[in-house]
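Lettering of chains follows the sequences in order, A, B, ..., and the numbering in each one begins at 1.
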Number of protein chains: 2
Amino acid sequence: MDRRQRKTRNAIFTAFSALLSKKTYTSITVQDIIDEADIGRSTFYAHFETKDELLKALCTDIFEHVFSEEVMSEEHHDFSHHSSFRDKVTHILYHLKEKQQDIRGLFSGECGEVFLRYLKEYLYRVFDEHITAEDNIPHDYALDIAVSCFSETIRWWLKGQNGYTPEQMAGYYFDSIKIL
Amino acid sequence: MDRRQRKTRNAIFTAFSALLSKKTYTSITVQDIIDEADIGRSTFYAHFETKDELLKALCTDIFEHVFSEEVMSEEHHDFSHHSSFRDKVTHILYHLKEKQQDIRGLFSGECGEVFLRYLKEYLYRVFDEHITAEDNIPHDYALDIAVSCFSETIRWWLKGQNGYTPEQMAGYYFDSIKIL
DNA sequence: TTTATATAGAACATAATGTTCGTTATCGTA
DNA sequence: TACGATAACGAACATTATGTTCTATATAAA
């Protein structure tokens with residue numbers, strides 16, 4: 001990828017993230033992004049067909065980090081092997097904490113729908129093997145519940161003052177759901 | 001309220017619901033609603049300032065029924081007294097089933113965000129007194145989990161072929177969550 | 001019947017989207 | 001470092017949807 005393209009793409013992402021922390025998704029116009037990123041109009045459309053595409057690209061960008069195996073900070077190194085499901089969950093929470101600035105704006109408002117759908121797509125893949133068949137309860141229902149409870153846990157965590165550690169949140173999560 | 005107003009308002013609601021089952025919220029234009037409802041342009045704006053206001057009004061309309069005490073069908077008469085929390089939940093599920101045609105379109109797509117926020121507002125009020133303090137788990141977190149798991153239960157239920165009864169769904173719900 | 005008001009519908013202003021194209025700047029490479 | 005490719009610029013334009021205004025007409029309530 002051309003250095004100019006990388007630079008522009010990055011400028012758009014940064015501008016978009018900054019705007020999302022100031023105003024709501026629908027109220028942000030392409031013009032706003034162009035002004036904030038300080039790029040030409042046609043340049044924006046050369047990169048993204050629509051504002052929605054940009055949102056999706058930003059989500060993909062974030063999730064590629066959040067669900068990566070790599071270890072960023074020192075402190076959560078212990079959970080990176082994630083032998084157990086609980087360790088895996090904790091590992092994801094550490095990654096989310098690192099990206100919390102970018103994520104906060106995405107959770108609320110109208111783009112929450114898109115963001116959540118993407119988040120859940122990833123979570124379905126990760127959680128699937130860990131949800132074991134329960135008596136009477138349909139498997140896909142149990143998976144739905146496990147996934148949406150976890151995304152709700154993330155939302156609650158990031159929305160607050162964030163005085164809780166990833167380990168604590170994993171604890172709350174596992175203490176709330178019977179089916180885990 | 002003038003009979004003409006009632007008629008128009010109803011035509012708009014019906015048209016909007018019909019459109020929602022065909023296409024997505026953002027792709028629906030005011031013009032689409034006007035055409036479908038067969039009303040004049042200025043008439044629409046006399047009733048609703050924006051498409052979002054219409055969506056909110058429709059949600060309010062539906063929830064006023066869903067969370068009402070009244071009993072519609074015969075079969076769920078037994079749950080209308082809702083002495084226990086479980087009975088109350090079952091009662092709500094019966095009401096949701098009656099409105100399922102209107103609700104399906106609202107759950108998916110971009111208006112899902114708005115619909116869910118409204119749904120959860122009601123659920124918070126209903127559930128609050130039934131979520132008792134647990135050891136270690138913050139009360140508002142427990143409430144969040146209870147509410148979002150229930151709305152996910154509803155989503156899962158209405159999305160499927162709906163071969164499950166309200167009683168069964170209440171059962172699944174209570175069997176999934178520890179904190180109830 | 002009368003009075004009030006809701007609706008129809010055309011015309012208009014506004015605002016955002018998305019495209020086009022000639023020019024300029026920057027990149028990767030020979 | 002010079003050259004060819006291509007990305008960015010930015011003005012101009014077409015298109016589309018929004019929301020407003022106004023007058024004539026139809027319908028409701030009394």
Side-chain angles (χ1 to χ4, degrees), chain A residues 1-61 105-106 109-115, chain B residues 1-61 105-106 109-115:
Chain A
M1 201 181 199
D2 196 309
R3 187 194 303 159
R4 290 168 295 181
Q5 288 185 66
R6 271 200 307 276
K7 227 178 98 187
T8 301
R9 193 181 163 90
N10 211 61
I12 292 173
F13 276 159
T14 307
F16 188 51
S17 283
L19 286 167
L20 273 174
S21 64
K22 282 183 248 168
K23 48 202 292 198
T24 64
Y25 177 67
T26 31
S27 75
I28 296 171
T29 66
V30 173
Q31 194 59 53
D32 288 336
I33 301 165
I34 286 164
D35 292 342
E36 181 81 20
D38 195 28
I39 55 166
R41 183 164 192 74
S42 56
T43 305
F44 176 88
Y45 285 104
H47 280 260
F48 302 102
E49 284 197 3
T50 62
K51 201 174 65 171
D52 280 22
E53 289 300 317
L54 167 58
L55 174 59
K56 286 179 192 172
L58 181 62
C59 288
T60 303
D61 211 59
L106 288 170
E110 313 94 294
C111 56
E113 165 76 23
V114 173
F115 179 75
Chain B
M1 203 183 199
D2 196 309
R3 188 195 303 159
R4 292 168 294 181
Q5 289 185 65
R6 270 200 309 275
K7 230 175 97 187
T8 300
R9 193 181 164 89
N10 211 60
I12 293 173
F13 276 158
T14 306
F16 188 50
S17 283
L19 286 167
L20 273 175
S21 65
K22 280 184 250 168
K23 47 202 290 197
T24 64
Y25 177 68
T26 30
S27 75
I28 296 170
T29 65
V30 173
Q31 194 60 50
D32 288 336
I33 301 165
I34 287 165
D35 292 342
E36 180 81 20
D38 194 30
I39 55 166
R41 184 165 190 73
S42 56
T43 306
F44 176 87
Y45 285 104
H47 281 260
F48 301 102
E49 286 196 2
T50 63
K51 200 174 65 171
D52 280 22
E53 289 300 316
L54 167 58
L55 174 59
K56 286 180 193 172
L58 181 62
C59 288
T60 303
D61 211 59
L106 288 170
E110 313 95 295
C111 56
E113 165 77 21
V114 173
F115 179 75

Least distance between heavy atoms, A18(A) atom then E36(A) atom: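 Nearest pair, atom of A18(A) first, then E36(A): CB-OE2, 4.0 Å.
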Heavy-atom closest pair, residues L58(A) and L20(A):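 Nearest pair, atom of L58(A) first, then L20(A): CD2-CD1, 4.5 Å.
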N-O pairing of K7(A) and D2(A) below 4.0 Å: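 No, no charged N to carboxylate O under 4.0 Å.
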Span of DNA chain D in contact with chain A (heavy atoms, under 4.0 Å):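 Endpoints of the contacted stretch of DNA chain D: dT6(D) to dG10(D).
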Once you round it to whole Å, what is the distance between [atom2] of [N] and [atom1] of [X]?
X	N	atom1	atom2	answer
Q5(A)	dG28(C)	CD	C1'	13 Å
H47(A)	dG18(C)	NE2	C1'	16 Å
Q31(A)	dT17(C)	CD	C1'	10 Å
R41(B)	dT14(C)	CZ	C1'	12 Å
L54(A)	dA16(C)	CG	P	18 Å
D2(B)	dT3(C)	CG	P	18 Å
E53(A)	dT17(C)	CD	P	15 Å
Y45(A)	dA16(C)	OH	P	11 Å

Criterion side chain to side chain contact (heavy atoms under 4.5 Å, CB included) on T43(B) and I12(B), from CA distance to verdict: CA-CA 10 Å; T43(B) 306; I12(B) 293 173; 5.8 Å; no
Side-chain-base donor-acceptor pair under 3.5 Å for R3(A) and dG28(C):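 Side chain to base: no pair below 3.5 Å.
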Quiz item: R4(B) side-chain donor-acceptor pair to dT7(C) base, under 3.5 Å: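 Side chain to base: no pair below 3.5 Å.
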E49(B) CD: over 12 foreign heavy atoms closer than 6.0 Å: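 Open.
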Axis bend over the full length of the helix from dT1(C)-dA30(D) to dA30(C)-dT1(D), computed from five pairs that close each end, to 10 degrees: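 Axis-to-axis angle, ends of the helix: 40°.
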Contact nearer the 5' end of DNA chain D, comparing G40(A) with V30(B):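 Comparing both residues, the 5'-ward one is G40(A).
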Earlier contact from the 5' end, DNA chain D, for K7(A) and K51(B):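 Its nearest nucleotide being more 5', the pick is K7(A).
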Y25(A) and F16(A) aromatic ring geometry - parallel, tilted or perpendicular at 30°/60° bounds: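 The arrangement is perpendicular - the two ring planes meet at more than 60°.
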Lys/Arg cation over aromatic F115(A): K56(A), 6.0 Å, 45° cone: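 The answer is no; the distance or angle limit is not met.
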Sugar-phosphate, base or nothing in reach of D32(B), heavy atoms under 4.0 Å: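 Since no nucleic acid heavy atom lies under 4.0 Å of D32(B), the category is nothing.
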Sugar-phosphate, base or nothing in reach of S42(A), heavy atoms under 4.0 Å: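 Base contact.
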Side-chain donor-acceptor pair present, S17(A), T14(A), cut-off under 3.5 Å: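 No, because no side-chain N or O of S17(A) sits under 3.5 Å from a partner of the opposite role on T14(A).
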Polar side-chain atom of K51(A) near backbone of I33(A) as donor-acceptor pair, under 3.5 Å: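 Not a single qualifying donor-acceptor pair exists.
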